[in-house]
A.B. asks: 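Please see the structure below; I have some questions.
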Amino acid sequence: MPARRKTTAPVLPPAEVVHESTVVERPKKDATTRKLEQNEALAGIKNKVFGDSLRVVEDYLRARDVNPRCAADPTQDPAFWKMALEFQGDEEETHKVYRLASAGWLPAADAPGFVKVAANMAIGIMKANAAEKGGSHVLNVGRILIDASAIPQFAEVEVES
């Protein structure tokens, strides 16, 4: 049996590894600060949804300015050009508003459902804002009446210490 040759890989000198780490401690916030930040974020979201909902309802209510016979070609309607001037030539926004306004002439069964959702959202947020600012608050308060005759009487005993 021939002798087996031992093969070894060249051994490289260990490289110097320099690890530099810095620990940055984030200042801990107390629960009150975190809660205030969360409330501010939620208030921002609420205000955005409220504004968007009111804008949808407002655009839908422009139906009286729109000629329902011009729905196929809005450029024939003078109201379209008034809207184009109002939105300073933003053609996409003008078409969106005109489509929504012309939908105001549709029967309730054919009207877009998001208009009713937007109106309900706006109403709900208005009610919530009114309640926050001092509307009636519901308190779950109960009172218990204890009749004095229901309390048992015990004999008094003197204790010496």
Side-chain angles (χ1 to χ4, degrees), residues 12-148 150-152:
L12 298 175
E16 287 187 31
V17 180
V18 178
H19 291 287
E20 218 176 278
S21 63
T22 56
V23 177
V24 178
E25 289 209 22
R26 185 175 53 161
K28 296 194 179 207
K29 298 178 184 174
D30 61 340
T32 306
T33 307
R34 280 195 314 268
K35 192 67 169 175
L36 287 174
E37 289 176 357
Q38 289 172 353
N39 285 343
E40 288 174 8
L42 286 175
I45 293 169
K46 179 181 74 170
N47 291 337
K48 183 187 179 315
V49 169
F50 183 61
D52 291 346
S53 299
L54 283 181
R55 199 171 314 115
V56 166
V57 172
E58 180 184 348
D59 293 346
Y60 189 72
L61 293 176
R62 291 178 184 228
R64 62 177 261 225
D65 299 335
V66 173
N67 185 352
R69 294 187 192 107
C70 297
D73 185 16
T75 58
Q76 300 298 320
D77 192 355
F80 178 81
W81 297 109
K82 287 180 191 174
M83 289 178 198
L85 286 174
E86 182 181 339
F87 295 112
Q88 294 139 355
D90 185 1
E91 190 175 335
E92 184 180 338
E93 187 67 21
T94 305
H95 278 287
K96 286 180 185 178
V97 172
Y98 189 83
R99 275 196 316 266
L100 195 53
S102 61
W105 287 102
L106 295 174
D110 297 335
F114 68 89
V115 174
K116 187 171 184 176
V117 171
N120 288 340
M121 291 289 288
I123 291 169
I125 292 173
M126 280 189 265
K127 286 181 179 179
N129 288 342
E132 280 180 7
K133 293 180 182 172
S136 63
H137 296 287
V138 177
L139 297 176
N140 292 328
V141 177
R143 71 178 191 186
I144 300 172
L145 296 175
I146 300 176
D147 187 17
I151 300 174

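If you read the sequence from its start, that first residue is 1, and numbering goes on from there.
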A.B. asks: Does K35 have any side chain to side chain contact (heavy atoms under 4.5 Å, CB included) partners at least two apart in sequence or in another chain, and if so, which?
C.D. replies: Q38, N39
A.B. asks: Taking only residues two or more places apart in sequence, or in another chain, which ones meet E37 in a salt bridge (charged side-chain N to carboxylate O under 4.0 Å, His left out)?
C.D. replies: K29
A.B. asks: Which salt bridge (charged side-chain N to carboxylate O under 4.0 Å, His left out) pairs, counting each pair once, include a residue from residues 95-104, with sequence neighbours left out?
C.D. replies: E92-K96
A.B. asks: Grab the two heavy atoms, one from A111 and one from Y60, that are nearest each other, plus how far apart they are.
C.D. replies: CB-OH, 3.7 Å
A.B. asks: To the nearest 0.5 Å, what is the distance between OG1 on T94 and CD on Q88?
C.D. replies: 9.5 Å
A.B. asks: Measuring from M126:CE to S53:OG, what's the distance to the nearest 0.5 Å?
C.D. replies: 9.0 Å
A.B. asks: Test of understanding: with side chain to side chain contact (heavy atoms under 4.5 Å, CB included), list the residues that count as partners of N47, not counting sequence neighbours.
C.D. replies: none
A.B. asks: Would you mind reporting whether E132 and N129 have side-chain heavy atoms less than 4.5 Å apart?
C.D. replies: yes
A.B. asks: What's the shortest heavy-atom distance between V66 and M83, and which atoms?
C.D. replies: CG2-CE, 3.9 Å
A.B. asks: List for me each residue that meets side chain to side chain contact (heavy atoms under 4.5 Å, CB included) alongside L61, sequence neighbours excluded, and say none if there are none.
C.D. replies: V57
A.B. asks: Quick one: list whatever passes salt bridge (charged side-chain N to carboxylate O under 4.0 Å, His left out) with K116, sequence neighbours left out.
C.D. replies: none
A.B. asks: Minimum heavy-atom separation for N67 to Y98, with atom names?
C.D. replies: O-OH, 3.9 Å
A.B. asks: Any non-hydrogen side-chain atom of D59 less than 4.5 Å from a side-chain atom of R62?
C.D. replies: yes
A.B. asks: Please check this pair: side chain of W105 against backbone of R64, looking for a donor-acceptor N/O pair closer than 3.5 Å.
C.D. replies: no
A.B. asks: Under the salt bridge (charged side-chain N to carboxylate O under 4.0 Å, His left out) test, which residues partner D52, sequence neighbours left out?
C.D. replies: K48, R55
A.B. asks: With sequence neighbours left out, write down each residue that passes salt bridge (charged side-chain N to carboxylate O under 4.0 Å, His left out) with R34, or none if nothing qualifies.
C.D. replies: none
A.B. asks: Does the pair V115 and L100 meet the rule for a side chain to side chain contact (heavy atoms under 4.5 Å, CB included), with working shown?
C.D. replies: CA-CA 9 Å; V115 174; L100 195 53; 3.8 Å; yes
